[in-house]
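Only one structure is covered here, and it is reproduced in the block below.
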Amino acid sequence: MWFRIDFHSSKPIYEQIKERIKLLILSGKLKEGEFVPSIRSLAEDLGVNLNTVARAYRELVQEGVLEVRRGEGYIVSKVDVEKIQTQLETELRKKIEDCKKAGIPLERILKVAEEIYRGDAR
């Protein structure tokens, strides 16, 4: 299986799929010009509806992350890595702001970040 989906997350499944594909690109596991699994194949692997994967792919095409090769499938486009990193940083900033508003101390946030980077996260 390519990756897993968290069915208990409040984040929609199609968003999780988009996020995972972008992370695979950023990590170098998916490179420009490589094919991603077909909609049907990924839907079966993840145990989700075809329309869910189709929506994720359609939005990734609109964002310029994937492109369609008629009769062949979807491939990774020439991706603006800086743009994806900026999007992730924006999401991180929002989460940190939420933590601050919730009264979570900076030390605790930094501890969690360190655990994740070391691979100790629960």
Side-chain angles (χ1 to χ4, degrees):
M1 182 176 294
W2 236 34
F3 52 78
R4 296 198 187 288
I5 294 298
D6 180 359
F7 291 101
H8 301 291
S9 173
S10 61
K11 184 177 278 194
I13 293 171
Y14 78 93
E15 287 284 348
Q16 292 182 52
I17 293 169
K18 287 174 50 180
E19 183 179 276
R20 298 304 189 296
I21 289 174
K22 288 178 182 180
L23 291 174
L24 288 169
I25 293 168
L26 287 176
S27 69
K29 293 178 182 165
L30 253 182
K31 296 176 183 17
E32 179 183 342
E34 286 186 346
F35 282 90
V36 295
S38 70
I39 291 171
R40 184 176 309 283
S41 172
L42 188 57
E44 287 175 8
D45 285 350
L46 297 175
V48 300
N49 188 289
L50 288 171
N51 293 323
T52 302
V53 177
R55 180 174 180 180
Y57 279 19
R58 187 171 50 252
E59 290 190 12
L60 287 168
V61 168
Q62 289 171 347
E63 293 175 20
V65 175
L66 297 180
E67 60 184 69
V68 181
R69 291 272 172 93
R70 238 184 247 301
E72 296 181 54
Y74 291 84
I75 64 165
V76 177
S77 298
K78 181 167 177 55
V79 176
D80 184 348
V81 172
E82 186 71 30
K83 181 179 176 183
I84 295 174
Q85 288 176 337
T86 300
Q87 289 171 343
L88 289 171
E89 288 174 16
T90 300
E91 289 176 33
L92 178 60
R93 285 180 184 278
K94 287 178 185 172
K95 290 296 179 187
I96 292 173
E97 286 174 10
D98 288 346
C99 290
K100 182 179 177 182
K101 289 175 187 173
I104 298 173
L106 175 61
E107 296 77 24
R108 188 166 175 190
I109 295 168
L110 293 174
K111 182 177 182 233
V112 169
E114 286 176 10
E115 289 173 355
I116 290 169
Y117 265 83
R118 283 195 316 259
D120 300 342
R122 296 177 233 152

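Listed by chain and residue number, Y57 satisfy the ring pair (Phe, Tyr, Trp, His ring centres under 6.0 Å) test with Y74 (two or more places apart in sequence, or in another chain). Listed by chain and residue number, E67 satisfy the side-chain hydrogen bond (donor to acceptor under 3.5 Å, both in side chains) test with S77 (two or more places apart in sequence, or in another chain).
Under a hydrophobic clustering in which Ile, Leu, Val, Met, Phe, Trp and Tyr are joined whenever their side-chain heavy atoms come within less than 4.5 Å, directly or via other members, V112 and I109 fall into different clusters. Placement of L23 and L60 within a single hydrophobic cluster is found when ILVMFWY residues are connected by side-chain heavy-atom separations under 4.5 Å, directly or transitively. With hydrophobic clusters built from ILVMFWY side chains whose heavy atoms lie under 4.5 angstrom apart, I104 does not share a cluster with I116. Residues I17 and L88 fall within the same hydrophobic cluster, defined by Ile, Leu, Val, Met, Phe, Trp and Tyr side chains chained together at heavy-atom separations under 4.5 Å.
When all heavy atoms of L46 and F7 are compared, the pair lying nearest together is O-CZ, 3.4 Å. For V76 against K31, the heavy-atom pair with the smallest separation is CB-O, 3.4 Å. Residues E63 and K83 come closest through the heavy atom pair O-NZ, 4.2 Å. The minimum heavy-atom distance linking I39 with L50 is given by the pair CG2-O, 3.5 Å.
Looking at I75, V65, V36, L66 one by one, the single match for side-chain contact (heavy atoms from CB on, under 4.5 Å) with L30 turns out to be V36. Of the options E19, K22, E82, a side-chain hydrogen bond (donor to acceptor under 3.5 Å, both in side chains) to Q87 is made by K22 and by none of the others.
If you take NZ on K11 and NZ on K18, they are separated by 9.5 Å, rounding to the nearest 0.5 Å. Here the CD atom belonging to E97 is positioned 10.0 Å from the CG atom belonging to L92, to the nearest 0.5 angstrom. Taking OG1 of T52 as the start and CG of L42 as the end, the distance is 10.5 Å to the nearest 0.5 Å. For the atom pair CG of D45 and CZ of R4, the computed distance is 10.5 Å after rounding to the nearest 0.5 Å. Separation of atoms CD (E34) and CD1 (I25) is listed at 9.5 Å; rounding is to 0.5 Å.
With respect to E115 and K111, a salt bridge is recorded, a charged nitrogen being found less than 4.0 Å from a carboxylate O. Between E59 and R55 there is a salt bridge, with a side-chain nitrogen of the basic residue lying less than 4.0 Å from a carboxylate oxygen of the acidic one.
Side-chain contact between I21 and F3: present, with at least one pair of heavy atoms (C-beta onward) separated by less than 4.5 Å.
Put simply, the side chain of E15 never gets that close to the backbone of P12: no donor and acceptor are under 3.5 Å apart.
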